[in-house]
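Labels below follow one simple rule: chain letters A, B, ... track the order of the sequence lines, proteins then strands, and each chain is numbered from 1. The structure presented is a predicted model; accordingly, all values stated were derived computationally and were not measured. The basis for the numbers below is simple: all heavy atoms, side chains too, and nothing from hydrogens, waters or symmetry mates.
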Amino acid sequence: MGKAIKRRGLESKRQILYTLLMLIPIGRVATYDSLARAIGTSPRAVGRLLAINENPVIIPCHRVVKSDGSLGGYTPGGSMVKRRILELEGVKFKGRKVDPECIIDITDILGINREEI
DNA sequence: ATTTGCTCAGCTC
DNA sequence: GAGCTGAGCAAAT
């Protein structure tokens, strides 16, 4: 399985993105950049995909934050709600930003999936 | 910590 | 086919 991504249409990327989102552990958050690199696109594209997505219930888009730890955007409800959800998940906040320790790289998840657990 | 500029991808005209 | 907008990023101040 090395290359998980192939040059498919948007469909493929979206699918993968959703999967990765669901792979993010509770109490942790991933960055747009990480996801973008994972699926082979740019951070903005990820944001766009998340924005257009219409099932926030099964898609934990709230677990995606900016590289700086800032919340970024959140269409259903706003950043306020996003922060609230994250806190509920157990994510610690450092003032206005997410605690760096709670931010994980998606590649790390894949790594531990292969070695540990 | 805050501000500015740039970049990349998707969407619209 | 060309232009605009944006759920961001990086660098500079």
**Q.** Aromatic Tyr18(A) / basic Arg14(A) pairing, under 6.0 angstrom, 45° off normal
**A.** yes
Q.
So, using salt bridge (charged side-chain N to carboxylate O under 4.0 Å, His left out) as the criterion, who are the partners of Arg63(A) when residues are at least two apart?
A. Glu89(A)
Q: Fill in the dot-bracket string of DNA chain B, one character per base: . for unpaired, | for a pair to another strand, ( ) or [ ] for pairs within the strand, taking Watson-Crick or G-U pairs under 3.5 Å.
A: ||||||.||||||
Q. Residues two or more places apart in sequence or in another chain: which of them pass side chain to side chain contact (heavy atoms under 4.5 Å, CB included) with Ser70(A)?
A. Lys66(A)
Q | Where Cys61(A) and Tyr74(A) come nearest, the two heavy atoms and their spacing | A | SG-CE1, 4.0 Å
Q.
If the condition is side-chain hydrogen bond (donor to acceptor under 3.5 Å, both in side chains), which residues does Asp105(A) pass it with, not counting sequence neighbours?
A. Thr107(A)
Q) Quick one: side chain to side chain contact (heavy atoms under 4.5 Å, CB included) partners of Ser42(A), sequence neighbours excluded? A) Arg44(A), Ala45(A)
Q: Taking side chain to side chain contact (heavy atoms under 4.5 Å, CB included) as the test, write out the residues that go with Gln15(A), two or more places apart.
A: none
Q.
Would you say Leu49(A) ends up clustered with Met22(A) if hydrophobic residues are merged whenever their side chains have heavy atoms under 4.5 Å apart, either directly or through other cluster members?
A. yes
Q. Are Ile24(A) and Val98(A) grouped together when hydrophobic residues (ILVMFWY) are joined by side-chain heavy atoms under 4.5 angstrom apart?
A. no
Q.
Counting only heavy atoms and a strict 4.0 angstrom limit, can you tell me which residues of residues 77-87 of chain A come near DNA chain C?
A. none
Q. When Ile, Leu, Val, Met, Phe, Trp and Tyr are grouped by side-chain heavy atoms lying under 4.5 Å apart, directly or through other members, which residues fall in the same group as Ile26(A)?
A. none
All N/O pairs under 3.5 Å across the protein-nucleotides 9-13 of chain B interface:
residue	atom	partner	partner atom	Å
dA9(B)	O4'	Ser42(A)	OG	3.4

Q | side-chain hydrogen bond (donor to acceptor under 3.5 Å, both in side chains) involving Arg28(A) - partner list, sequence neighbours excluded | A | none
Q | Which residues share a side chain to side chain contact (heavy atoms under 4.5 Å, CB included) with Lys97(A), sequence neighbours left out | A | Asp68(A)
Q) For DNA chain C, which nucleotides open and close the run of contacts to chain A, 5' to 3', at under 4.0 angstrom from a non-hydrogen atom? A) dT5(C) to dC9(C)
